[in-house]
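A short write-up of the structure that comes next.
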Amino acid sequence: MPDVDELQRRFRSLAETAAPRAPLYSLLSSAIAEDREVVELLTAAPATQQAPVLLLAATHHLVLSGVAPDLAVHYPNLNGGDASASDPWPAFRQLCSDHADDIRALVATRHTQTNEVGRCATFLPVFAALARETGRPIAHVDVGTSAGLTLLWDRYGYRYQPGPSLAADSDVVLPCGVRGDAPLPDALAPRVAGVGLDLHPIDVTDTQATRWLEACVWPDQIDRFHRLEAALSVARRSPPTIVQGDAVDDVAALVRDAAQLGHAVVTTSWALNYLTAERQAEFVAVLDAVGRDVDVSWVAAESPEQTPGLALPHPPGTEHLTVLTLRTWRAGSVSTTALATAHPHGYWLHWLSQPT
Ligand SMILES: C[S@@+](CC[C@H](N)C(=O)[O-])C[C@H]1O[C@@H](n2cnc3c(N)ncnc32)[C@H](O)[C@@H]1O
């Protein structure tokens, strides 16, 4: 169990690493680090969850719920303001005193969770190629789906640079810088079905749950925050289908069902890093078993260094990046190729000249 001294060290460390890209969280983290009473709030979380970002998500959640208007003015995602214009600490400290019990309850029961809709821009070329290859519409199974936003790739627009723009009049348009010879599609692949699987699914119609998802986005990341809000609005019009369950134990049945409807495409994006290396290997083994019976494709957007159990190929020096990998099972024969590296939130795609 980390003690308060250790948590203070964690806040100091976050203050340093966040400084270049997240001035508000950097400033708040250095002030929190010197205030043992505020740091102590984080000890209400389970030992493995006691990361400074959890406390910052809990306070952001309260800010989003409207209880701290004096603090909200300092959050760039809420007012586009400059966090350095005045000192947010007195209002932050006040929130921590006034809502200590709420903060303790949030950190005790929630864990940081995200859903990055921008990753759809990196999947799209692969979906188009798979639909062309198999002559079948995509029947999508997204594992570790969170709120299911990446299942809804056919409701968003895309602006590849350089490259085509697709459905650019959508309420959510995803820009994606491209390097290399990516097979960018000029139309969306046909999609026949989509289902998500998650241990802790988020219901897009539950405003408390989606507020937590929004609270986990750093307020300095203004574009990311607004993009999530817009994607949630799109999703609420016709919510995605999500099954609660485990990636390893429950994926096979969903893939077999999907294969009845179209070409079964499994996606995982920054999800399998939550599994132990042993469970990661079991996940691959489960898909291998299904792939002996039906044709399947699995598109992974994962970090090789965080998913050693997947044993997916990747070019040297890309361990710490998001690597887009395609594993296919066709008539029982397996093939695996690293296709590209990508920005973790899909803002760029670098297609490999020699897929490995
Ligand atoms: C970082 S989020 C990524 C969400 C989404 N794939 C995306 O790209 O935005 C990871 C998700 O994986 C889920 N997850 C973690 N372990 C899981 C497991 N064993 N089975 C199913 N889902 C799991 C978490 O609940 C969380 O929603």
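When a residue number appears, it is its place in the shown sequence, counting from 1. Counting starts at 1 for both ligands and their atoms, following the listed order.
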Are there any protein N or O atoms under 3.5 Å from the N or O atoms of ligand 1? List them with distances, or say none.
from: ligand 1; atom 1: 6 (N); to: Gly144; atom 2: O; distance (Å): 2.7
from: ligand 1; atom 1: 6 (N); to: Ser269; atom 2: O; distance (Å): 2.9
from: ligand 1; atom 1: 6 (N); to: Ser269; atom 2: OG; distance (Å): 3.2
from: ligand 1; atom 1: 8 (O); to: Arg119; atom 2: NH1; distance (Å): 2.5
from: ligand 1; atom 1: 8 (O); to: Ser269; atom 2: O; distance (Å): 3.3
from: ligand 1; atom 1: 8 (O); to: Ser269; atom 2: OG; distance (Å): 2.6
from: ligand 1; atom 1: 9 (O); to: Asn115; atom 2: ND2; distance (Å): 2.9
from: ligand 1; atom 1: 9 (O); to: Glu116; atom 2: N; distance (Å): 2.6
from: ligand 1; atom 1: 9 (O); to: Arg119; atom 2: NH1; distance (Å): 3.1
from: ligand 1; atom 1: 19 (N); to: Asp246; atom 2: OD1; distance (Å): 2.9
from: ligand 1; atom 1: 20 (N); to: Ala247; atom 2: N; distance (Å): 2.9
from: ligand 1; atom 1: 22 (N); to: Leu199; atom 2: N; distance (Å): 3.3
from: ligand 1; atom 1: 25 (O); to: Gln113; atom 2: NE2; distance (Å): 3.4
from: ligand 1; atom 1: 25 (O); to: Asp198; atom 2: OD1; distance (Å): 2.6
from: ligand 1; atom 1: 27 (O); to: Gln113; atom 2: NE2; distance (Å): 2.6
from: ligand 1; atom 1: 27 (O); to: Asp198; atom 2: OD1; distance (Å): 3.4
from: ligand 1; atom 1: 27 (O); to: Asp198; atom 2: OD2; distance (Å): 2.7

> Any chance the rings of Trp218 and Tyr75 have centres within less than 6.0 Å?
Replying inline: no
>> Would you say the ring centers of His140 and Phe127 fall short of 6.0 Å from each other?
In response: yes
Donor-acceptor contacts, no H, no angles, side chain residues 42-58, under 3.5 Å, sequence neighbours left out:
from: Thr43; atom 1: OG1; to: Glu40; atom 2: O; distance (Å): 2.5
from: Gln50; atom 1: NE2; to: Ala45; atom 2: O; distance (Å): 2.8

> Ion pair present between Arg9 and Glu6, side-chain N to carboxylate O less than 4.0 angstrom?
Replying inline: yes
>> One thing to verify: whether Arg21 and Asp220 come together as a salt bridge, which I'm taking to mean a side-chain N less than 4.0 angstrom from a carboxylate O.
In response: no
> Just checking, any donor-acceptor pair under 3.5 angstrom between side chains of His74 and Asp87?
Replying inline: no
